[in-house]
There are 2 protein chains.
Amino acid sequence: MSHPYSPRDLILPDYTPNLRSISEVHAWNGIATFLAMFLVWLISGMPSRRLSKTDRWLMIWWAVSGLIHIVHEGYWLFSPEFYKDKSANYFAEVWKEYSKGDSRYASRHTAVVGIEGIAVIVAGPASLFAVYAIAKGKSYGYILQFALSLVQFYGSSLYFITAFLEGDNFACNRHFYYSYFVAQGGTWLLFPALIMIRCWKIISAACHLHDQKCKTN
Amino acid sequence: MSHPYSPRDLILPDYTPNLRSISEVHAWNGIATFLAMFLVWLISGMPSRRLSKTDRWLMIWWAVSGLIHIVHEGYWLFSPEFYKDKSANYFAEVWKEYSKGDSRYASRHTAVVGIEGIAVIVAGPASLFAVYAIAKGKSYGYILQFALSLVQFYGSSLYFITAFLEGDNFACNRHFYYSYFVAQGGTWLLFPALIMIRCWKIISAACHLHDQKCKTN
């Protein structure tokens, strides 16, 4: 077979190997992420905003989350033939590389397309909206962050569950299995879980107060 | 092929047709659901509880939801060979019948197994817990109901999306397509959506009050 992905009998006609070095792809990802983080940190830190450090970090998370959902995952969703790309398109390179950790991105597994479709169309724009909601201290900020985190958590859970149910044989070796599939997939379980716990506590406390007020009135 | 399901080339060795009449299966489902609803309505209506009619209907929804997730879907999750059943087991009959609307239940499509796994193991017990949370007026009642509804809504969305992506050809005819796949699947979109809207509004109002209190203190 003319591709590096697992399982070996996967058929990907006209596959074109990575045209940029892996370090270059990782470097651009790193630089873009760092720039986005720095920009949000700067804007959210303006004295007039009076935002807590936690809220500023959450704004960074939702900005980076939203951009990844819309830009990276969005490119993938609408580029079913990225693995044939001969133009060294940066995003095609990203997904050719990530598919080494999970070939279902190359073979367009329907569960992955469904999960990514929801991430791109719903979670992406809503994540950027969460940045605004936190900045403006909107009353729906906590429930919005909770909902988004649950969408990310459910999607990632199903992402792993479907892989396991089908034999967990989609990474071309242990290195890519752990560094791409487990580590990057796990990020979308860990941070959403932490944000859900925080929002759950704040919302429960607020509802407790609300109920008390309703009872005393 | 020796089974009624679509697509016709689906291989289901030792398939055994329904051994009870369809009306009998529907009747038992109806009687059991009605009994559960009646029981919750009776218990939740005790004067000492002072529950609103909305909360009593929500308790009914979560009790029936939880029982369907645990009992019906739970049987399916752990019975991969239900379609071979020769003992007229009631739940095997239910799933033989429902598979006419979506054969992925007979073929054990991995996305369906993943969605049902989460429904049975997480959403089922948590739905019954929501009945308790509403009855006791717990402060986490709204966020719990919101989370559960989002899990049901996401699961059902992906249930439909994966079917469409794979050609939407899993029902044996239009009657079963609309009455089972669309209508029953749609129920798990409609009610969760309504509950999510209600909880979102209540939680946002409570958080608004909470923020005001924090600012004035």
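Remember, predicted model here, so these are calculated numbers, not experimental data. All chains are named by letter (A, B, ...) in the order of the sequence lines, taking the proteins before the strands, and each is independently numbered beginning at 1.
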>> If you count heavy-atom pairs within less than 4.5 Å of chain A, which of B:Thr162, B:Ile115, B:Val113, B:Ile161 leads?
In response: B:Ile115
> Which heavy atom in A:His210 sits nearest to a heavy atom in B:Leu209, and how many Å separate them?
Replying inline: CA-CD2, 3.8 Å
> For B:Lys86, does the NZ atom sit with more than 12 other heavy atoms under 6.0 Å from it, leaving out its own atoms?
Replying inline: yes
>> Give the interface residues of residues 126-133 of chain A toward chain B, defined by a heavy-atom separation under 4.5 Å.
In response: none
> What residues of residues 96-103 of chain B sit under 4.5 Å from chain A when only non-hydrogen atoms are counted?
Replying inline: none
> Relative to chain B, which segment of A:Ile143 carries a heavy atom at a distance below 4.5 Å: side chain, backbone, both, or neither?
Replying inline: both
>> Quick check for you: among B:Ala147, B:Cys207, B:Ser204, which has the greatest number of heavy-atom pairs under 4.5 Å with chain A?
In response: B:Ser204
> Looking at B:Phe164, B:Tyr142, B:Tyr154, which makes the most heavy-atom pairs under 4.5 Å with chain A?
Replying inline: B:Tyr154
> Does anything in residues 48-75 of chain A get under 4.5 Å of chain B by heavy atoms, and if so which residues?
Replying inline: none
>> Looking at every heavy atom in both B:Ile118 and A:Leu158, which two are closest together, and how far apart are they?
In response: CD1-CD1, 3.8 Å
>> More than 12 heavy atoms of other residues, nucleotides or ligands under 6.0 Å from NZ of B:Lys84: yes or no?
In response: yes
>> Let me confirm one number: the CG-CD1 distance from A:Leu144 to B:Ile203, rounded to the nearest 0.5 Å.
In response: 12.0 Å
> How about residues 173-200 of chain A versus chain B: which residues have heavy atoms under 4.5 Å apart?
Replying inline: A:Trp200
>> Heavy-atom pairs under 4.5 Å with chain A: which of B:Gly155, B:Ser157, B:Gly141 has the most?
In response: B:Gly155
